[in-house]
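These numbers were taken from a predicted model, which means no experiment stands behind them.
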Amino acid sequence: MSARVVIAGGGVAALEAAIALHDMAGDRVEVTMFSPREDFVYRPFAVAEPYGASRPMRYDLADLAA
């Protein structure tokens, strides 16, 4: 029997938690993520967006979670 874990959110902490659970527990845990967004936005580059220097990087959250 596997444990069921629900992760609320889709940010860096949620992805890190899902990765850590997978690394530590493998198939013994079933992880479900709930997020209000369908994409993960890597925001550190967003500070330069108003100046045209860079844009935030966006990734499909379902692809990352898989």
Side-chain angles (χ1 to χ4, degrees):
M1 177 185 254
S2 63
R4 294 181 180 167
V5 176
V6 175
I7 297 176
V12 173
L15 291 171
E16 288 285 339
I19 291 168
L21 282 169
H22 177 72
D23 286 348
M24 293 188 318
D27 293 336
R28 294 176 294 163
V29 66
E30 178 183 324
V31 177
T32 304
M33 292 179 68
F34 289 102
S35 174
R37 300 182 57 104
E38 293 182 1
D39 60 347
F40 169 74
V41 181
Y42 186 66
R43 299 191 188 281
F45 294 129
V47 296
E49 187 174 20
Y51 309 105
S54 68
R55 298 175 60 205
M57 298 160 73
R58 298 179 184 278
Y59 302 93
D60 184 64
L61 191 55
D63 290 343
L64 290 175

Non-hydrogen atoms of Asp27 and Ser2 that approach each other most closely: O-CB, 3.8 Å

Cluster link Ile7 to Val12, ILVMFWY, side chain under 4.5 Å: yes

Of all pairs that satisfy side chain to side chain donor-acceptor pair (under 3.5 Å), the ones with a partner from residues 4-23, not counting sequence neighbours: none

Side chains of residues 57-66: which donor-acceptor pairs under 3.5 Å do they make with residues two or more places apart or in other chains?
from, atom 1, to, atom 2, distance (Å)
Arg58, NH1, Asp39, OD2, 3.3
Asp60, OD2, Asp63, N, 3.1

Heavy-atom pair with the smallest gap, counting every atom of Gly9 and Met33: O-CE, 3.7 Å

Joint hydrophobic cluster, Ile19 plus Tyr42, side-chain heavy atoms closer than 4.5 Å: no

Hydrophobic cluster of Phe34, others only, ordered by chain and residue number, side-chain cut-off 4.5 Å: Val6

